[in-house]
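One structure is given here, and the rest of the page talks about it.
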Amino acid sequence: MTIDPTREQAVIADLLAQTPTDAEHLLPLLLQVQAAVGFVSPQAIRQVAQAFNLSRAEVYGVVTFYHDLREAPVGDHVIQLCMAEACQAVGCRELAAHASQKLGVPLGETTADGHVHLEAGYCFGNCALGPTVRIGDRIVGGVTPARFDELLETLPGRHGNTRPVAGESAA
Amino acid sequence: MTRIFVPNDTGARSVGADEVAAALMNAQVVQSGLATIVRNGSRGAYWLEPLVEIDTPSGRIGFANVTVDDVAGLFADGLPDQTHAKCLGVVDALPWFAGQTRLTFARVGRIDPLSLSDYRALGGFAGLERGCTMDAKAIVDEVTVSGLRGRGGAAFPAGIKWNTVRNANAPQKYIVCNADEGDSGTFADRLLMEADPFQLIEGMTIAALAVGATRGFVYLRSEYPHAAQIFGRALTIAREAGVLGPSVLGTAHTFDITLRMGGGAYICGEETALLESLEGKRGTVRPKPPLPALTGLFGCPTVINNVLTFAAATDVLARGAHAYAGLGVDRSTGTMPFQLGGNMQRGGVVELGFGVTLRDLLERFGGGSYSGRPLRAIQVGGPLGAYLPASQWDTPLTYEHFAAIGAMLGHGGIVAFDDTVDMAAQAEFAMAFCAHESCGKCTPCRIGSTRGVEVIQRLRRRENPRLQWQVLEELCETMEFGSLCALGGLTPMPVRSVMKHFSADLLPSAGGGSVTVEVGR
Ligand SMILES: Cc1cc2nc3c(=O)[nH]c(=O)nc-3n(C[C@H](O)[C@H](O)[C@H](O)COP(=O)(O)O)c2cc1C
Ligand code: SF4
Ligand code: FES
């Protein structure tokens with residue numbers, strides 16, 4: 001996802017206008033910025049720091065601490081493979097190997113066409129039905145390599161495919 | 001009208017419940033107005049999901065693992081077809097349910113999670129209504145006498161914590177619910193919040209009355225988007241019904257709850273890191289003392305408990321402390337919602353009084369491995385819990401019995417591995433997970449976990465194994481005793497359990513004669 005800086009600034013200003021700016025609202029606000037923009041840019045950090053009357057270093061510290069907050073844009077779709085123990089017990093390591101091979105990227109990277117960002121997650125509370133995968137806000141259980149390939153096919157925006165994945169929010 | 005239940009929880013949806021519900025909407029019985037669809041929560045029998053249930057005069061009839069293609073055949077002449085291959089008969093009569101002692105999970109899957117009348121009809125608010133007639137000290141005493149201990153992992157007596165907050169003299173106090181549920185293999189908090197969210201609201205409100213707090217927060221992990229949606233709606237409904245707000249159930253008490261989302265950091269499940277995060281900061285661990293009970297959120301006295309602890313408090317008040325304490329054994333009183341996951345035939349939430357053996361749980365409820373291969377190792381208590389070999393499966397599930405074998409129950413997660421598991425990889429992962437999630441505040445955890453990964457990798461490559469083994473032992477000791485919190489302090493637990501019980505995996509005999517090492521501890 002990319003966004004031009006003027007538009008980004010306006011989106012963040014909008015969010016700031018709806019949020020109290022005492023420190024306890026910093027993380028909720030940054031999560032909103034992440035959801036709306038797809039990442040938290042240096043410009044966003046400057047803008048937020050000013051509004052909250054914090055130093056940029058303080059805001060940067062929060063951004064770098066939380067795994068959900070990204071400093072740079074990733075792919076159009078984020079696919080998280082659960083790599084925690086209960087999913088390990090039913091083959092998530094093999095699934096990850098398959099997914100990496102299929103997409104041509106290791107966990108933690110985005111495909112060259114920017115379509116998919118593949119990464120590890122650690123438990124989606126679906127530990128009796130693994131291996132589990134998260135795509136946007138959709139959690140999918142029992143994901144075999146074949147099922148993974150089907151899920152890839154349902155992602156909108158590739159080969160003119162516009163069929164949405166049920167429950168998926170803008171990643 | 002006949003009700004057809006199709007679960008609307010993360011687990012059921014992950015295997016197609018939404019698609020089944022959509023197909024049922026088009027089914028003849030629904031279209032003709034003879035039946036209606038209710039989206040209940042899951043009963044927690046994930047091995048049966050999607051589990052479709054249909055009202056009949058003899059009880060709710062279930063159909064297991066229903067697919068879209070099955071939908072048309074579930075009914076014969078407008079009645080559930082009990083000869084269908086996937087028909088389970090009356091769901092409540094299944095041994096998997098009948099053999100449980102469900103208190104906290106008594107309502108899950110039976111009710112529409114967002115219906116207050118369903119909630120009340122099955123005993124909801126009985127605890128809070130009683131609490132409203134008691135004074136604060138009496139509520140705390142009741143919880144103390146029940147012996148209820150924190151269900152989030154550390155098992156600290158809830159009554160003692162509540163009493164500390166009650167006795168603190170401060171104008172503002174807070175109730176904080178730890179819904180971070182970061183441990184792999186645990187999903188009971190999520191299920192409760194999705195399938196019976198009013199119970200958590202009730203439990204937190206009881207705590208608020210007990211200590212004199214007017215504001216509460218639920219800190220929910222971002223990995224649970226569906227729970228966030230359902231719980232958020234439950235809060236609105238509770239407010240509109242006057243359960244929350246300026247006059248709790250018509251009394252003079254004020255209490256409201258705010259839902260806050262985490263940012264994908266495991267350490268934010270640690271209570272002081274959670275408080276830092278709620279204050280908008282990096283989730284680093286605070287040294288204790290001061291205790292959160294006295295200097296907690298925004299420096300105010302704070303009760304911080306797990307989802308299941310608050311939920312259990314509703315039963316303590318509804319049934320009375322002695323009835324609750326009558327379940328379980330010794331100082332492990334009441335029931336524990338165990339969560340069976342990983343390579344398990346019948347995974348899900350099994351709530352039982354403390355004291356059954358792990359083997360009983362694995363065999364009678366779990367039904368053995370999912371793969372059909374022999375089980376080899378069971379990790380109990382999340383990523384910081386020990387891996388248990390078969391020789392330890394007869395241990396009764398109580399806090400004390402588990403501590404005695406160098407293990408812990410934690411949040412009740414039970415993850416099964418079959419004989420294809422490479423335990424060296426599991427030990428390496430324990431260290432790697434700690435390195436990934438360390439808050440960075442103290443050296444033994446921040447640096448030690450990375451060194452731990454390297455040492456185990458060298459062991460796995462058979463580079464000077466004798467030396468590496470010794471280094472690993474010393475490293476575990478340093479982490480255990482030198483870490484500020486239990487992330488660094490307990491990561492050695494799974495590692496040592498592998499060293500002790502599965503040493504052959506860490507010291508493979510490849511490339512020549514086997515290496516023999518004295519395995520201490
Ligand atoms: C690394 C770490 C992670 C933790 N994660 C959780 C968690 O996800 N949920 C939870 O309830 N407690 C968690 N705890 C335990 C909390 O620190 C604390 O003991 C608990 O919230 C107290 O509530 P309880 O007494 O009701 O269990 C964690 C502790 C540590 C050290
Ligand atoms: S043990 Fe690890 S997570 Fe805990 S305070 Fe130290 S560095 Fe932070
Ligand atoms: S371990 Fe994968 S969903 Fe819990």
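Order of the sequence lines fixes the chain letters, A, B, ..., with proteins taken first and strands second; residue numbering starts at 1 for each chain. Since we're looking at a predicted model, the values are computed, not measured.
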* Asked: Does A/G61 offer a backbone N or O that forms a donor-acceptor pair with the side chain of B/R282 under 3.5 Å?
  -> yes
* To do: For B/H226 and A/F124, run side-chain contact (heavy atoms from CB on, under 4.5 Å): C-alpha distance rounded to whole Å, both residues' side-chain angles, the deciding distance at 0.1 Å, then the answer.
  => CA-CA 11 Å; B/H226 194 58; A/F124 301 109; over 6 Å; no
* Centroid-centroid under 6.0 Å between A/Y122 and B/Y266 rings -> no
* **Side chain / backbone / both / neither for B/T420 at chain A, heavy atoms under 4.5 Å** => neither
* Structure fact -> Ranked by heavy-atom pairs below 4.5 Å to chain A, first place among B/G263, B/G342, B/G341, B/G262 goes to B/G263
* Structure fact -> Whatever's closer than 4.5 Å to a heavy atom in chain B on A/R147 counts as neither
* **Separation between CE of B/M261 and CG of A/L27, rounded to the nearest 0.5 Å** => 10.5 Å
* Please report the C-alpha distance between A/R138 and B/R13 in whole Å, then the side-chain angles of each, then the deciding distance to 0.1 Å, and finally whether the side-chain contact (heavy atoms from CB on, under 4.5 Å) criterion is met. => CA-CA 9 Å; A/R138 185 181 181 200; B/R13 296 168 89 226; over 6 Å; no
* Tell me, for B/Q379 versus chain A, whether the close heavy atoms (under 4.5 Å) come from the side chain, the backbone, both or neither. => side chain
* Quick one: what part of B/D9 sits under 4.5 Å from any heavy atom of chain A, side chain, backbone, both or neither? -> neither
* To do: For side chain to side chain donor-acceptor pair (under 3.5 Å), just list the numbers for B/S222 and A/D68, CA-CA rounded to whole Å, side-chain angles, deciding distance to a tenth of an Å, and then say yes or no.
  => CA-CA 8 Å; B/S222 63; A/D68 289 354; 2.4 Å; yes
* To do: Search all heavy atoms of A/F65 against all heavy atoms of B/G283 and return the closest pair with its distance.
  => CZ-O, 3.0 Å
* Structure fact -> Honestly, the part of B/C268 sitting under 4.5 Å from a heavy atom of chain A is side chain
* To do: Measure distances from B/L191 to the heavy atoms of chain A and classify the residue's part below 4.5 Å as side chain, backbone, both or neither.
  => neither
* Should the heavy atoms of other residues, nucleotides or ligands under 6.0 Å from CD of A/Q50 be counted, would the total exceed 12? -> no
* Between B/R260 and A/E24, is there a side-chain N and carboxylate O pair less than 4.0 Å apart? -> yes
* Under 4.5 Å from a heavy atom of chain A, the part of B/R221 involved -> side chain
* A/L31, part contacting chain B, at a heavy-atom distance under 4.5 Å -> side chain
* Asked: Side chains of B/Q426 and A/Q88: is there a donor and an acceptor less than 3.5 Å apart?
  -> yes
* side chain to side chain contact (heavy atoms under 4.5 Å, CB included), paired with A/V90, selected from B/D418, B/V415, B/N343 -> B/N343
* Non-hydrogen atoms of B/Y46 and A/L129 that approach each other most closely -> O-CD2, 3.5 Å
* Shortest non-hydrogen separation from B/A425 to A/R93 and the atoms involved -> O-NH2, 3.9 Å
* To do: Please confirm whether the backbone N or O of A/E85 pairs with a side-chain atom of B/S184, one donor and one acceptor, at under 3.5 Å?
  => yes
* Asked: Run the side chain to side chain donor-acceptor pair (under 3.5 Å) check on A/Y66 and B/S277 step by step: do they pass?
  -> CA-CA 10 Å; A/Y66 295 96; B/S277 185; 2.9 Å; yes
* Of all the heavy-atom pairs spanning B/G185 and A/C127, show the shortest one and how long it is. => N-SG, 3.3 Å
* Asked: Can you find a heavy atom in the side chain of A/H67 that is under 4.5 Å from one in the side chain of B/E437?
  -> yes
* Asked: Among B/G347, B/G264, B/S14, which has the most heavy-atom pairs under 4.5 Å with chain A?
  -> B/S14
* Structure fact -> In this structure, CZ of B/R190 is separated from CD1 of A/I139 (nearest 0.5 Å) by 8.5 Å
* To do: Search all heavy atoms of B/G348 against all heavy atoms of A/A128 and return the closest pair with its distance.
  => N-CB, 3.9 Å
* Most contacts with chain A, counted as non-hydrogen pairs under 4.5 angstrom, among B/E279, B/Q229, B/E181 -> B/E279
